[in-house]
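Okay, so here's the structure we're looking at.
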There are 2 protein chains.
Amino acid sequence: MILIASTIKDVARYTGLSIATISKFINGGSVKEVNRQRIEEAIRALDFKVNEMARGLKTNKTATIGVLIPSLENIFVTSIVSKVESLLLDYGYSTIVCDYRTDRELENQKFDFLMSKSVDGIILVPHAIDANKIKEALDRDIPVILIDRAMKGVECDVVLVDNLNAAYNAVEHLFMKGHRRVGIICGPQDIYTAQERLKGYIRVHEDYQLEIDQDLIRYGDYEIQSGMTLMNYFLEMKNPPTAVFVTNYEMTLGAVMALNSSNVSVPDQLSLIGFDNIQLANVIKPRLSIVVQPMQQIGEYAANLLLRRMKGDKGGFPAMLRLKTEIVEGESVKVINSYV
Amino acid sequence: MILIASTIKDVARYTGLSIATISKFINGGSVKEVNRQRIEEAIRALDFKVNEMARGLKTNKTATIGVLIPSLENIFVTSIVSKVESLLLDYGYSTIVCDYRTDRELENQKFDFLMSKSVDGIILVPHAIDANKIKEALDRDIPVILIDRAMKGVECDVVLVDNLNAAYNAVEHLFMKGHRRVGIICGPQDIYTAQERLKGYIRVHEDYQLEIDQDLIRYGDYEIQSGMTLMNYFLEMKNPPTAVFVTNYEMTLGAVMALNSSNVSVPDQLSLIGFDNIQLANVIKPRLSIVVQPMQQIGEYAANLLLRRMKGDKGGFPAMLRLKTEIVEGESVKVINSYV
DNA sequence: CCTCTGTCACAAAACGTTTAACTTACCAAT
DNA sequence: ATTGGTAAGTTAAACGTTTTGTGACAGAGG
């Protein structure tokens with residue numbers, strides 16, 4: 001047996017009222033008490049549900065928002081998505097999630113796809129998307145919220161963490177324990193977050209009036225393999241750093257793998273500060289000190305900002321919400337010399 | 001400036017053809033070569049995109065499928081979702097992802113939500129959902145594919161791994177290396193996968209004619225904390241096992257954390273086989289031997305089956321696709337006695 | 001008793017497609 | 001020359017809502 005959904009017409013017939021009245025009721029308009037009851041009964045009896053397609057056709061709203069992310073297998077990102085999804089659901093929005101597997105082509109393509117689905121808003125963790133696409137969405141009155149990375153070439157709301165000071169604090173933390181030669185494994189030079197983190201590294205050196213050994217700055221690609229390679233590079237230096245700061249999760253994994261297959265002991269011979277995944281940090285021996293980002297909060301801010309924009313509130317556009325990271329101390333940093 | 005999207009009418013006007021012809025063309029019907037060119041030009045010039053809402057209203061299809069999962073922060077699940085999403089996108093479907101945070105209430109609620117969005121199909125990693133809900137979806141001709149767990153009380157397609165033999169093989173692997181006292185950290189007794197894994201543990205003991213010490217069977221809740229607690233239980237036994245098999249990822253994390261804070265060395269004093277996350281396995285020292293599930297494949301099978309069902313092909317319903325796991329050897333299992 | 005005001009209900013048009021039924025044009029076969 | 005068939009195009013209805021403009025009615029104020 002195949003069920004067939006009932007429509008507003010059926011409800012109208014059942015109650016003897018007109019379609020318009022039913023529609024009014026559904027959308028919170030006021031109807032006579034006696035009618036209210038009959039409508040409610042009819043809806044229950046007929047198991048009526050609004051047809052969102054028909055509604056969407058009229059209102060030009062889909063009650064759907066699009067989320068476009070680099071990867072669904074990145075816990076940093078999915079935590080945020082999870083929060084966003086649940087918050088928006090409370091307001092009746094459903095969330096279409098697309099990942100673009102860090103592929104430039106796919107990123108543009110899936111953005112178009114979301115637009116073609118006429119979502120009411122977009123949350124995007126951008127990588128290499130064409131700024132014009134975002135402009136176009138904005139012109140079509142589809143709000144876009146960027147997460148984690150600001151973009152040049154377009155005015156757009158963005159929620160991110162203070163990456164500069166995240167790095168600043170992590171390296172300062174090492175300074176406080178007496179380290180002076182600190183290596184950094186950076187992300188790609190063309191990625192905003194990576195640039196910011198490197199800036200923090202440089203600025204803290206300036207503030208402490210320490211000269212920077214350029215050999216201690218290494219650029220990776222945010223993937224496991226490069227974390228491994230670059231950590232090995234540090235291990236084989238004639239004059240190696242006493243501590244290394246790794247600037248994202250995947251490269252932290254790689255760095256730990258490199259250390260495991262060497263016979264260098266952490267933190268005795270080398271101290272380490274990683275990034276992003278607290279679960280990982282706790283399961284490694286010795287427990288890893290890491291920089292954690294407030295993922296819940298990022299999701300929350302992004303979702304709320306998007307809701308405001310979708311309501312038409314353009315206040316403070318373009319907004320930049322900049323959240324703070326935190327250092328969770330493990331046992332991977334040696335105290336050479338305590339200054340506190 | 002706010003752009004306003006052009007419609008099929010505009011294209012008709014631009015080309016001088018009728019709406020119906022344009023529609024036919026869009027949907028792959030054949031038109032005269034000269035008209036084809038004009039239509040294509042018009043579409044380009046007007047930047048025409050089909051309005052999916054209007055189309056959906058007519059066809060009663062949304063080109064949208066729903067995915068309902070226990071958590072977006074579970075890499076096992078998100079890997080599958082990622083695969084599903086990309087496969088279905090190739091066929092023009094978009095994917096609405098909902099997680100229910102292992103909450104029974106939320107699970108039922110979000111299932112309803114997906115139904116109210118009139119998705120064309122649903123992929124569900126079920127936990128405690130009401131079987132009637134699934135029946136109702138099926139009655140409405142919305143195909144549902146279960147992942148990872150079969151369900152009683154309703155006939156439904158399901159894609160899962162052979163959990164029984166996964167456990168069988170893992171424990172047999174330990175037997176082959178000479179272990180005879182093997183502890184198991186199981187999942188909740190009311191969860192299908194957990195039951196299956198325990199059955200495998202029991203069956204392999206039967207096949208090897210080894211008696212089972214009930215103290216070596218411990219039930220957790222698939223969360224980190226219980227992995228920790230139960231591993232500590234094993235460590236404190238008077239007559240501890242020589243090896244432990246942990247049956248999911250989170251509890252594996254917990255078990256490793258427990259081992260790290262004890263002074264028991266792996267694999268010398270205790271051998272360990274974990275579950276599910278190969279990245280984790282490689283980053284732990286010593287590298288962990290684990291059971292890995294073919295997540296890509298699961299996603300692939302589920303997506304393809306769903307596509308078939310959505311096309312109306314009911315062949316072999318209800319299908320049960322049962323995939324095989326694999327053991328990835330690390331260095332966490334000691335050879336007491338090699339039989340090979 | 002008349003008019004004004006406010007509340008509620010209604011009819012009908014519109015949103016942008018698809019599709020069934022129909023027309024036309026052309027060509028081949030009788 | 002007539003018939004039949006096929007391919008391409010057209011017209012108009014339908015999908016299930018929202019919304020605009022009206023009208024009906026009741027009670028208040030004069």
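Protein chains get the first letters and strands the later ones, always in sequence-line order, with residue 1 at the start of each. Only heavy atoms go into these numbers, but all of them, side chains included; no hydrogens, no water, no symmetry mates.
Among B/I123, B/N304, B/L321, the one residue that satisfies the side-chain contact (heavy atoms from CB on, under 4.5 Å) test with B/V159 is B/L321.
Across the protein-nucleic acid pair, B/K32 atom NZ and D/dT6 atom P stand 18 Å apart, rounded to whole Å. Between B/L17 atom CG and D/dT11 atom C1' the separation is 14 Å, expressed in whole Å. The nearest whole Å value for the distance from the CZ atom in B/R13 to the P atom in C/dG16 is 11 Å. Between the P atom of C/dT17 and the CZ atom of B/F25 lies a distance of 14 Å, rounded to the nearest Å. One can place CD1 of B/I8 at 13 Å from C1' of C/dC15, the figure rounded to the nearest angstrom. As rounded to whole Å, 14 Å separates atom C1' of D/dT18 from atom CD1 of A/I22.
For the segment residues 109-118 of chain B, the set of residues with a heavy atom within less than 4.0 Å of an atom of DNA chain D is empty. Contacts between residues 43-64 of chain A and DNA chain C, defined by a heavy-atom separation below 4.0 Å, involve A/L57, A/K58, listed by number.
Both A/K24 and A/K9 lie close to DNA chain D; mapped to their nearest nucleotides by heavy-atom distance, the more 5′-ward contact belongs to A/K9. When each of A/N27 and B/V31 is assigned the nucleotide of DNA chain D bearing its nearest heavy atom, the one mapping closer to the 5' terminus is B/V31.
Checked for salt-bridge contact, B/D141 and B/K314 meet the test: a charged N lies under 4.0 Å from a carboxylate O. The pair B/R13-B/D10 meets the salt-bridge criterion, with a side-chain N (NZ, NE, NH1 or NH2) lying under 4.0 Å from an Asp/Glu carboxylate O.
Judged purely by distance below 3.5 Å, without hydrogens or angles, the side chains of B/T193 and B/Y222 pair a donor atom with an acceptor atom. Residues B/E300 and B/Q296 bring no donor and acceptor atom of their side chains to less than 3.5 Å of each other. Side-chain contact check for A/E41 and A/Y14: at least one donor-acceptor pair (N or O, by modelled atom type) lies under 3.5 Å. No side-chain donor-acceptor contact under 3.5 Å links A/D99 and A/S71.
Put simply, the side chain of A/P126 reaches to within 4.5 Å of the side chain of A/E107, judged on heavy atoms. Residues A/V158 and A/R322 have side chains not in contact (no heavy-atom distance under 4.5 Å, counting atoms from C-beta outward).
You'll find that the side chain of A/T7 is closest to D/dT17, out of D/dT17, C/dG16, D/dA8.
Residue B/I19 is in base contact, counting any heavy-atom pair closer than 4.0 Å across all strands shown. Among the atoms of the strands shown, base atoms are found under 4.0 Å from some heavy atom of A/S23.
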Detail all sub-3.5 Å separations between protein N/O atoms and N/O atoms belonging to nucleotides 20-25 of chain D.
none

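For A/R308 (side chain) and A/D313 (main-chain N/O), no donor-acceptor pair under 3.5 Å exists by modelled atom type. A donor-acceptor pair under 3.5 Å links the side-chain atoms of B/D157 to the main chain of B/A319, judged by distance alone. A distance-only check finds no donor-acceptor pair linking the side chain of A/S79 to the backbone of A/M295 [under 3.5 Å].
The phosphate of C/dT7 (OP1 or OP2) has no side-chain N or O of A/S30 nearer than 4.0 angstrom.
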